[in-house]
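Values reported hereafter were calculated over all heavy atoms of this structure, with side chains retained and with hydrogens, waters and symmetry mates removed.
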Amino acid sequence: MRALFGGRSEVVKTLSAVDWPGRRRELNRLIEDFEATAQSANRTVHAITGGKPSPSPELMEAAVRSWFRERVERPDFDGTADPGQEPFTSIEAQRADLQRLATSLGAETPVTTAWIAQDMIEQNGWSVEAGSNTFRRLSRLVARGQLAALGRQRQDLALLPRRTDDEMFSAENFRLDEERAKARPAAHVSIRSLFAKYLAERKPAAATEKAWSRFIAAWVEFIGHDDAAAITPDDVLRWKDHLASEPIAAGQCRSAKTVNETYLAALRTVLGWGVSNRLLSANAASGIRVYGPRRQRTRDASFSDGEATAILRASLRSPPIGVSSQRALAIRWVPWICAYTGARVNEVTQLRADDIYQEEGVWVIRITPEAGSTKNHRYRAVALHNHILEQGFLEAVSNLRGPLFYDPAQYRGGKKGNPQSKKCGEFLARWVRTEAKVTDPRVQPNHGWRHRFKTVARRVRMDAEVCEYIQGHAGRTEGSKYGEQPPSVTAREINLIPRYQL
DNA sequence: GTGCATCGGACAGGCCGACT
DNA sequence: AGTCGGCCTGTCCGATGCAC
């Protein structure tokens, strides 16, 4: 192995890039190179040492029986061959050789026997050296198979009933082979490789990849192996109990929802993918779930009037000392946009300068997965409320380029699951707690706007279908998925929301 | 020291396909 | 078409680390 790494036991590389994104890219490239080298080295070592199993006598016998069955069931194996034909006579000529090999140790291996044996070794992925004892043993078994096939052929030619002279080819032995094959575990399938294939095919959102990677890792950690085919329902049950009873922070346990719909769902889905792609025979996690108490709600999820005005008032105060211009801009405008459009906070924090434009004479914001992500993977354009325009939002962003609420230059090369736009949303959540002093843990600091938007929309009888569109909910009925909500329509409905008087 | 980036983690929200 | 539940995604919070 060491020789394949230039005789070294350590690999040291120095990063040459001067900035963080560059370094991260360089590091990723180096890691990829290293892993590729390690993999190819592994393959080389594997090829040298075999790594492949040496077959047991039982396995070899079974393989010869399987060859025999295939041979005699082949369409060209019939009793019509003319005994005078060349192939027939040559087989007859080999008969004596085969007989000698099958019964005595020192005999020469006929070339056909060697070919069949070699083919068998390759087919089964065995490690058997030509000329080794195992090879000779296999050759003798193959010779017995050839003799039995020959005997069968002679019986067919002479229209004699088929009879098995060699016990090795008895019906009972074929039956036992089938039983053993059923009992034998399937080829090793690692749960990590299944997950990787699932990711490659499904291409889930970055947030999902981030979360599920942890769950799969937690599973492997718990069960102590990586073999997906070896997982039993009892294993999964033990994991379920462990997850539901393990104390997490503050002496609490995970909720049933967390266990069922994140940890178990991830495992179940990945195993299910394995089953549907014929890599596994059963989904060991299927149907396993925790039954826990329902969560109780003791207040409305939307901001109260007092909370809403507290946040909006705080947005007008000068921002905390030291925050970047982007964060200051976020504090000033994001709460207002959330209040008047009911958008998800990160749909707003990912807005770019180009996403604010005029259409049909109406100023709109474009919320699009291109900027980062949207939950329903769809684009939408939503009018800005007159109150936002009057406060000078357009002027505030008119000179900006690119993302409005975070600075791409600050990017250090983090994964897609932790984008800067989300961090801006998290920053605002903290700001709501500490600066705007909305501290009730039963209401979410940003998401509370979405609930409130819906509540207010009902109060002013906003058109329900347009409201769904504005908030970026997938259409509830088939009909609502057709057609568009033009800016003039969203403008009309959005301006039904009464102005916040501070 | 501090602001921002990153990651780990719990869980709420909500899409969407299956089932009537 | 409406309902339901599983799957998936986003929100929120905590901890830690780096650069200025």
Hey, does the side chain of A/Arg433 come within less than 4.0 Å of C/dC12's phosphate (OP1/OP2), counting only N and O?
-> no
Looking at A/Tyr198, does any N or O in its side chain come under 4.0 Å of the phosphate oxygens OP1/OP2 on C/dC8?
-> yes
Examine the base of C/dC7 for any acceptor or donor lying under 3.5 Å from a partner atom in the side chain of A/Glu261, and report the outcome as yes or no.
-> yes
Of the candidate nucleotides C/dT9, C/dG6, B/dC11, which contains the atom at the shortest distance from the side chain of A/Thr258?
-> B/dC11
Identify which nucleotide among C/dC13, C/dT11, B/dA10 has an atom closest to any side-chain atom of A/Glu426, counting heavy atoms from C-beta outward.
-> C/dC13
Tell me what A/Gln410 touches on the nucleic acid: a base, only sugar-phosphate, or nothing, going by heavy atoms under 4.0 Å.
-> sugar-phosphate
Below 4.0 Å: OP1/OP2 of C/dC8 and any side-chain N or O of A/Thr208 | no
Whole-Å distance between B/dC11 C1' and A/Arg254 CZ?
-> 12 Å
Within 45° of the six-membered ring axis of A/Tyr263 and under 6.0 Å from that ring's centre, is NZ or CZ of A/Arg254 located there?
-> yes
Using a cut-off of less than 4.0 Å, is there contact between a side-chain N or O of A/Arg327 and OP1 or OP2 of B/dA5?
-> yes
Rounded interatomic separation in angstrom, taking NZ from A/Lys257 and C1' from C/dC4 | 13 Å
Atom-to-atom span, CZ of A/Arg450 to P of C/dT9 - whole angstrom | 16 Å
Base, sugar-phosphate alone, or nothing: which one does A/Ser255 contact when heavy atoms must sit under 4.0 Å apart?
-> sugar-phosphate
Checking all strands, does A/Arg430 fall into the base, sugar-phosphate, or nothing category for heavy-atom contacts under 4.0 angstrom?
-> base
Would you classify A/Arg214 as touching base, sugar-phosphate or nothing, given that sugar-phosphate means primed atoms plus P, OP1 and OP2, and contacts are heavy atoms under 4.0 Å?
-> base
Min side-chain heavy-atom separation A/Ser66-A/Phe174 under 4.5 Å | no
Is the shortest side-chain N/O distance from A/Asn346 to OP1 or OP2 of C/dT11 below 4.0 Å?
-> yes
Interatomic distance, A/Arg344 CZ vs B/dG14 P [rounded to whole Å] = 6 Å
Check every strand shown and say whether A/Phe215 touches a base, only sugar-phosphate, or nothing at a heavy-atom separation below 4.0 Å.
-> nothing
Does A/Glu347 come within less than 4.0 Å of A/Arg380, counting only side-chain N to carboxylate O?
-> yes
A/Tyr340 and A/Tyr500: aromatic ring centres closer than 6.0 Å?
-> yes
Whole-Å distance between C/dT9 C1' and A/Ile367 CD1?
-> 16 Å
Distance check: side-chain N/O of A/Tyr263 vs OP1/OP2 of B/dC11, anything under 4.0 Å?
-> no
Assign each of A/Gly448 and A/Lys203 the nucleotide of DNA chain C bearing its closest heavy atom; nearer the 5' end lies the nucleotide of A/Lys203
Separation of A/Ile311 atom CD1 from C/dC12 atom P, in whole Å?
-> 10 Å
Do A/Arg327 and A/Tyr406 meet the cation-pi criteria used here (NZ or CZ under 6.0 Å from the six-membered ring centre, within 45° of the axis)?
-> no
Would you call the rings of A/Phe222 and A/Trp219 parallel, tilted or perpendicular, where under 30° means parallel and over 60° means perpendicular?
-> tilted
Does A/His451 put a side-chain nitrogen or oxygen below 4.0 Å from OP1 or OP2 of B/dG13?
-> yes
Among C/dT9, B/dC4, C/dC12, which is the nearest nucleotide to the side chain of A/Val323?
-> B/dC4
May I have the distance from A/Lys422 (atom NZ) to C/dC13 (atom P), rounded to whole angstrom?
-> 15 Å
Tell me what A/Thr269 touches on the nucleic acid: a base, only sugar-phosphate, or nothing, going by heavy atoms under 4.0 Å.
-> sugar-phosphate
A/Ser324 near the nucleic acid: base, sugar-phosphate alone, or nothing, with a heavy-atom cut-off under 4.0 Å?
-> sugar-phosphate
is_close_aromatic(A/Trp336, A/His385), centroid dist under 6.0 Å = no
Which of B/dC4, B/dC7, C/dT9 is nearest the side chain of A/Lys423? It is B/dC7
Round to a whole Å and report the spacing from CH2 of A/Trp212 to P of C/dC8.
-> 4 Å
